[in-house]
Amino acid sequence: MDCNEEFYDEIKPVIPRPKPMKVLVLGLPRTALCAALKQLGMNPYHFSEISRNKNNKHFQLWLKAVQAKYDGLEEPFKGGDFDQILWNYDAVTDDPCCLFVEELITAYPNAKVILTVRPREEWLRSMQQTILKILSWRSWHILCFLDREFMGPYQALLNRTTAVLSQGRLPYKPSAYPALVESFDKHNDNVRNAVPTERLLEFESSQGWDPLCKFLGLPVPDGKYPHLNHARDLMRLEDSLYWARWYWVAQRMAKRAGVAVLVLLAALYLNSIPRFSSRAFPARWSADGILVAESSPASALSHQKGCLNTNGSQNAEPIVRSITWIGQYLPRTVSEGEHLQKMARKGSRVDLPLVLNIGAPPGEGHEAWYHNVDPSTSGNCWS
């Protein structure tokens with residue numbers, strides 16, 4: 001998959017399928033003819049389509065199918081189960097479709113079957129230069145851990161399907177090469193035995209258009225037969241995808257780091273704010289319009305009764321029996337007290353919080369804020 005290509009949108013499968021399955025290309029990876037089928041007007045399914053269908057969970061669906069068949073987990077896929085994935089494609093190629101020979105032949109009995117072949121040593125060499133090399137990258141574990149949205153399921157499926165061919169051995173280890181070649185031969189024989197001769201074409205890309213188009217009953221297109229997906233081209237795409245996902249991880253981590261920094265700054269800021277209980281705090285109204293807590297709760301002021309009494313006097317010294325925390329801390333300007341005292345002298349209703357220094361001598365200490373202030377007339381109280 002080209003890293004610049006978009007993922008398909010999530011879409012619900014249409015069942016029954018809107019068009020018939022025409023061709024099953026069941027050769028192993030590195031033998032497929034996806035580009036040629038596209039040029040013939042078909043819509044073939046290839047491993048790259050699994051990547052593009054990330055939002056439709058194709059990685060997870062195929063891994064479930066592989067594990068059901070080869071690991072005995074859950075019920076094996078059969079018949080219409082494959083249409084949950086392949087419903088809008090009319091041809092299949094490549095891994096992991098090639099691992100479901102009997103199942104796909106049974107599910108799509110009218111589809112023609114093509115076995116793509118090449119010399120076994122040449123096939124192994126191509127695998128070593130591409131898929132096995134990709135699986136040998138040491139940073140896979142880190143990237144898959146950080147990118148569980150895409151690279152995690154991508155690597156899980158690629159590793160599991162290749163392990164089928166390596167017969168459980170680490171596929172990129174030289175000790176697995178004999179098992180890979182053995183699986184190559186057994187797979188080709190299995191396809192030959194499973195498909196009637198009239199329904200099967202053994203095809204090698206060096207043969208070009210003629211045998212392929214004759215078998216499919218299609219006219220030979222203009223131009224040369226496409227020889228794409230060379231090892232160097234595939235590795236270039238895989239390398240681009242690999243680093244694109246690392247870039248995605250870096251962006252996400254940077255975003256999270258930014259959020260973490262903001263949270264940390266907020267925590268440090270909030271940590272500088274004292275914690276308040278719901279008990280009453282004795283206080284007095286200072287000349288600069290600030291409610292100031294007495295240094296001692298046992299102060300005589302705490303026993304005085306009365307409410308805020310503005311009386312329209314500029315020098316009013318209101319007596320507050322107690323102030324109870326009922327509001328939320330909010331930062332305010334230094335002039336807040338003067339503004340509120342001015343509003344109180346005018347007899348206006350003040351629906352704003354006031355500053356209260358708690359647990360410290362007058363004029364010092366921490367600030368808290370109180371709501372529901374209504375110093376509009378004589379006798380009104382702070383609450």
Side-chain angles (χ1 to χ4, degrees), residues 1-9 11 14 17-53 58 82-83 85-98 101 104-105 108-120 122-123 125-127 129-131 187-188 191-192 195-241:
M1 174 183 173
D2 191 325
C3 64
N4 295 317
E5 295 188 57
E6 297 288 337
F7 296 121
Y8 298 147
D9 293 333
I11 184 171
V14 177
R17 61 173 28 251
K19 54 186 177 181
M21 180 67 72
K22 297 177 181 178
V23 181
L24 304 175
V25 182
L26 299 179
L28 290 181
R30 307 305 302 153
T31 66
L33 65 160
C34 184
L37 294 179
K38 285 184 178 179
Q39 198 164 331
L40 291 174
M42 297 183 192
N43 182 28
Y45 192 88
H46 186 269
F47 193 92
S48 61
E49 290 297 300
I50 305 177
S51 299
R52 297 188 184 99
N53 276 286
H58 280 208
F82 291 98
D83 277 342
I85 306 172
L86 304 172
W87 65 273
N88 57 337
Y89 298 88
D90 55 8
V92 300
T93 69
D94 200 42
D95 180 23
C97 296
C98 61
V101 174
L104 290 175
I105 291 173
Y108 307 109
N110 297 321
K112 294 187 176 182
V113 180
I114 300 176
L115 174 62
T116 45
V117 295
R118 65 192 300 183
R120 62 209 300 255
E122 186 179 305
W123 174 80
R125 184 164 56 252
S126 180
M127 289 286 289
Q129 294 171 349
T130 54
I131 297 175
H187 175 84
N188 291 345
V191 175
R192 295 183 185 107
V195 184
T197 305
E198 65 275 9
R199 191 182 165 192
L200 175 67
L201 170 68
E202 286 197 36
F203 179 78
E204 192 170 349
S205 60
S206 60
Q207 295 174 297
W209 286 118
D210 289 340
L212 177 62
C213 292
K214 181 180 179 180
F215 177 71
L216 297 176
L218 297 172
V220 176
D222 297 331
K224 295 180 179 180
Y225 182 88
H227 293 279
L228 304 179
N229 206 23
H230 292 291
R232 62 178 180 276
D233 297 326
L234 175 61
M235 292 307 296
R236 177 181 58 81
L237 292 176
E238 288 292 332
D239 191 64
S240 297
L241 176 62

Participant: Of the non-hydrogen atoms in Pro44 and Thr93, which two are nearest, and what is the gap between them?
Facilitator: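 Of all heavy-atom pairs spanning Pro44 and Thr93, the closest is CB-CG2, 4.4 Å.
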
Participant: Does NZ in Lys22 sit with more than 12 non-hydrogen atoms of other residues, nucleotides or ligands closer than 6.0 Å?
Facilitator: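 Incorrect, the count does not exceed 12.
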
Participant: Hey, what do you get for CG (Leu24) to SG (Cys97), rounding to the nearest 0.5 Å?
Facilitator: 8.5 Å

Participant: If you look at every heavy atom in Val23 and Leu216, which pair is closest and at what distance?
Facilitator: CG2-CD2, 3.6 Å

Participant: Do the side chain of Thr130 and the main chain of Ser126 share a donor and acceptor less than 3.5 angstrom apart?
Facilitator: yes

Participant: Test Asp83 against Tyr89 for side-chain hydrogen bond (donor to acceptor under 3.5 Å, both in side chains), laying out the working first.
Facilitator: CA-CA 9 Å; Asp83 277 342; Tyr89 298 88; over 6 Å; no

Participant: Which atoms form the tightest heavy-atom contact between Pro219 and Leu40, and what is the distance?
Facilitator: O-CD2, 4.2 Å

Participant: Looking at side-chain heavy atoms only, is the closest gap between Leu37 and Asp90 below 4.5 Å?
Facilitator: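 No, side chains not in contact.
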
Participant: When you look at NZ of Lys214, are more than 12 heavy atoms from neighbouring residues, nucleotides or ligands closer to it than 6.0 Å?
Facilitator: no

Participant: Any side-chain heavy atom of Arg199 within less than 4.5 Å of one from Ile105?
Facilitator: yes

Participant: Before giving the answer on side chain to side chain contact (heavy atoms under 4.5 Å, CB included), spell out for Phe82 and Val92 the whole-Å C-alpha distance, their side-chain angles and the decisive distance to 0.1 Å.
Facilitator: CA-CA 11 Å; Phe82 291 98; Val92 300; over 6 Å; no

Participant: For Arg30 and Glu122, indicate whether the former's side chain and the latter's backbone hold a donor-acceptor pair under 3.5 Å.
Facilitator: no

Participant: Given 3.5 Å as the limit, does a donor-acceptor pair link the side chain of His187 with the main chain of Leu26, or not?
Facilitator: yes

Participant: For Asn43, does its backbone N or O pair with a side-chain atom of Lys38 as donor and acceptor, under 3.5 Å?
Facilitator: no

Participant: How close do Pro211 and Gly208 get, counting heavy atoms only, and between which atoms?
Facilitator: CD-O, 3.8 Å

Participant: For the pair Leu104 and Val113, evaluate side chain to side chain contact (heavy atoms under 4.5 Å, CB included) and give the outcome as yes or no after the intermediate values.
Facilitator: CA-CA 10 Å; Leu104 290 175; Val113 180; over 6 Å; no

Participant: Should Pro29 and Cys98 count as side-chain neighbours, where that means a heavy-atom distance under 4.5 Å?
Facilitator: yes

Participant: State, with a plain yes or no, whether a side-chain heavy atom of Val25 is found less than 4.5 Å away from one of Asp94.
Facilitator: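 Sidechains of Asp94 and Val25: no contact.
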
Participant: So, His46 side chain and Ser48 main chain: donor-acceptor pair closer than 3.5 Å or not?
Facilitator: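 Flag set: sc His46 to bb Ser48 pair under 3.5 Å.
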
Participant: Do the side chains of Leu218 and Met42 get nearer than 4.5 Å, heavy atoms only?
Facilitator: yes

Participant: As an exercise, state the distance from CD of Glu202 to OG1 of Thr116, rounded to the nearest 0.5 Å.
Facilitator: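 Nearest 0.5 Å value for the CD-OG1 distance: 10.0 Å.
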
Participant: Is His58 close to Tyr45 at the side-chain level, that is, under 4.5 Å between some pair of heavy atoms?
Facilitator: yes

Participant: Shortest non-hydrogen contact from Ala91 to Met21?
Facilitator: N-SD, 3.4 Å

Participant: Side chains of Leu201 and Lys112: does their closest heavy-atom pair fall under 4.5 Å?
Facilitator: no

Participant: Walk me through whether Val117 and Phe203 qualify under side chain to side chain contact (heavy atoms under 4.5 Å, CB included).
Facilitator: CA-CA 6 Å; Val117 295; Phe203 179 78; over 6 Å; no

Participant: Could you tell me whether a side-chain N or O of Asn53 sits under 3.5 Å from a main-chain N or O of Tyr8, the two making a donor and an acceptor?
Facilitator: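 Checked: no pair found.
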
Participant: Looking at Glu6 and Arg52, is any side-chain nitrogen of the basic one under 4.0 Å from a carboxylate oxygen of the acidic one?
Facilitator: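 No, this pair does not count.
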
Participant: Identify the heavy atoms of Ala36 and Trp209 that sit nearest to each other, and give their distance.
Facilitator: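 Nearest pair, atom of Ala36 first, then Trp209: O-CH2, 3.7 Å.
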
Participant: Rounded to the nearest 0.5 Å, what's the gap from SG on Cys34 to CZ on Phe47? Could you check?
Facilitator: 13.5 Å

Participant: Please confirm whether the backbone N or O of His227 pairs with a side-chain atom of His230, one donor and one acceptor, at under 3.5 Å?
Facilitator: yes

Participant: Considering only heavy atoms from C-beta outward, does the side chain of Arg192 approach that of Leu115 to under 4.5 Å?
Facilitator: yes

Participant: Could you tell me whether the side chain of Arg17 and the main chain of Asn88 form a donor-acceptor pair under 3.5 Å?
Facilitator: no

Participant: Evaluate side chain to side chain contact (heavy atoms under 4.5 Å, CB included) for Ile131 paired with Met127, printing each intermediate quantity in order.
Facilitator: CA-CA 5 Å; Ile131 297 175; Met127 289 286 289; 3.9 Å; yes

